[in-house]
Amino acid sequence: MIEHTGIDSRRLSRRANAIGESTTLAIAAEAKRMQADGIHVVSFSTGEPDFPTPELVKHAGIEAIEANFTRYVQAEGIPELRRAVAEKFRTLNDIQTDPQHVLISAGGKQSLANALLAVVDEGDEVLLPTPYWTSYPDLVKISGGVPVLLKTTVGDRYKITPAQIQAALTPRTRAIILNTPSNPTGVMYTREEIEAIGRVIANAGIYVIADELYERIVFDGRRHFSIGSMPELRDLAVTVNGVSKAYAMTGWRIGYMCGPADVIAAAARLQSQMTSHPCTISMKAAYAALTRVTDEVETMRAAFQRRRDLISGLMQEIPGISFPHPDGAFYLFVDVSAHLGERFAADTDLARYLLQEHHIATVPGSAFGDSTAIRLSYACSDEDIVEGVARIRRGLS
Ligand SMILES: Cc1ncc(COP(=O)(O)O)c(C=O)c1O
């Protein structure tokens, strides 16, 4: 990792100076250092499925290499993948789109960056329900925008209300980023909640960038509802997704989005100048994932649901903490405010103490804009869950 020393900020652009180091990566790096020293660290800090990429997807990648599918292609992504993505949006999300309104990018993160760069001008405000996914504020700043945080609490199950959005609107409000199921809270908005939020957004005429990376990891028979399927948001909704979480393909770097024709065309122009297009081999693999993988998605979903039950059951027995029972994704966002104050000044002190003294890696809530909590990822084995929770219990007792 590159050290951000900040010795002479004049050597760098204002934009670069405004971007922070990833806190999640900093804690993970410390955990890795300890592991390298022979310490058995249990990691609740991972942000990716612990499953391998499905076999047929790996083979599609190998076949692409062997067929020499290794040259430049269209900036928007290969036509067959854009067709498969449009078909997926239509059938699974009820979003009436077509391949011309789909852009393939190098990960959901690049899709989000492209969407923001396409619609946000210098000084424009972007509403972020908080706790937010860690990269949103920096992505907004890179696009020249100003992040506006809409705070929620564990008592609200960390969900914003339509009234909060309404109250935050100003003439400079340009967009809102809505993430459901949520990283870091695991909470999902119901269809009714999304429709009520969608009506406020439509009336305000602002863009909604819907981050649906975790839509396939949902529990207890819940169904994810896409805000982009609302007819009144046809010209305002950009829906972002990808293969990283659903198919255990984080390293392949394929994300995608659909949205209004002008926004997608602008995002494609930006992408064509910055990265050309994502890796051709990965696009072939993503096509195989979207069109041919069936069982593995359900196997992983079921495993995460079982682990959700295990970790939340164990954590509930620890006094002085609270968290919403997760509806999806693979995170638990635990309010630890009762432990902050005298013993630990901040969430980061608590997370560092848990790591250094009890060898359990968590992520401080301030990485997600809420310094009263810590995030636990349960993308790990049952044994690690049991041992990790025992260490947290000892640490907090
Ligand atoms: C909510 C959310 N959005 C987007 C991403 C980025 O996904 P990708 O790996 O496809 O860039 C992540 C990854 O952690 C995420 O948690």
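In each ligand, atom 1 is the first atom listed, and ligand 1 is the first ligand listed. Computed from a prediction, not measured in an experiment: that's the story for all the values here. Reckoned from all heavy atoms, side chains included, excluding hydrogens, waters and symmetry mates.
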I need the nearest protein heavy-atom contact for [atom]: residue, atom name and distance, please.
| atom | value |
| --- | --- |
| atom 14 (O) of ligand 1 | K245 NZ, 2.6 Å |
| atom 15 (C) of ligand 1 | W133 CE2, 3.5 Å |
| atom 2 (C) of ligand 1 | D211 OD2, 3.4 Å |
| atom 7 (O) of ligand 1 | L213 CD1, 3.8 Å |

Do [Y] and [X] meet the salt-bridge criterion of a basic N to acidic O distance under 4.0 Å?
| X | Y | answer |
| --- | --- | --- |
| K284 | E80 | yes |
| E55 | R292 | no |
| E87 | R83 | no |

Would [X] count as a polar contact of ligand 1, with the cut-off being nitrogen or oxygen pairs under 3.5 Å?
| X | value |
| --- | --- |
| Y214 | yes |
| G108 | yes |
| Y136 | no |
| R253 | yes |

Aromatic ring proximity, centroids under 6.0 angstrom, F219 and F304 = no
Measure up the F344 and Y353 rings against each other and bin them: parallel (under 30°), tilted (30 to 60°), perpendicular (over 60°).
-> tilted
What atoms in ligand 1 come closer than 4.0 Å to a heavy atom of [X]?
| X | answer |
| --- | --- |
| K109 | 6 (C), 8 (P), 11 (O) |
| N179 | 1 (C) |
| G107 | 10 (O), 11 (O) |

Can any side-chain N or O of R174 pair as donor or acceptor with the backbone N or O of V120 at less than 3.5 Å?
-> no
K141 atom NZ: more than 12 heavy-atom contacts under 6.0 Å | yes
Are R216 and M300 side-chain neighbours, meaning at least one heavy-atom pair lies under 4.5 Å?
-> no
Rounded to the nearest 0.5 Å, what's the gap from CZ on R157 to OG1 on T185? Could you check?
-> 8.0 Å
Determine, considering heavy atoms only, which of S244, G255, A113 sits nearest to atom 10 (O) of ligand 1.
-> S244
T250 near ligand 1, heavy-atom distance under 4.0 Å?
-> no
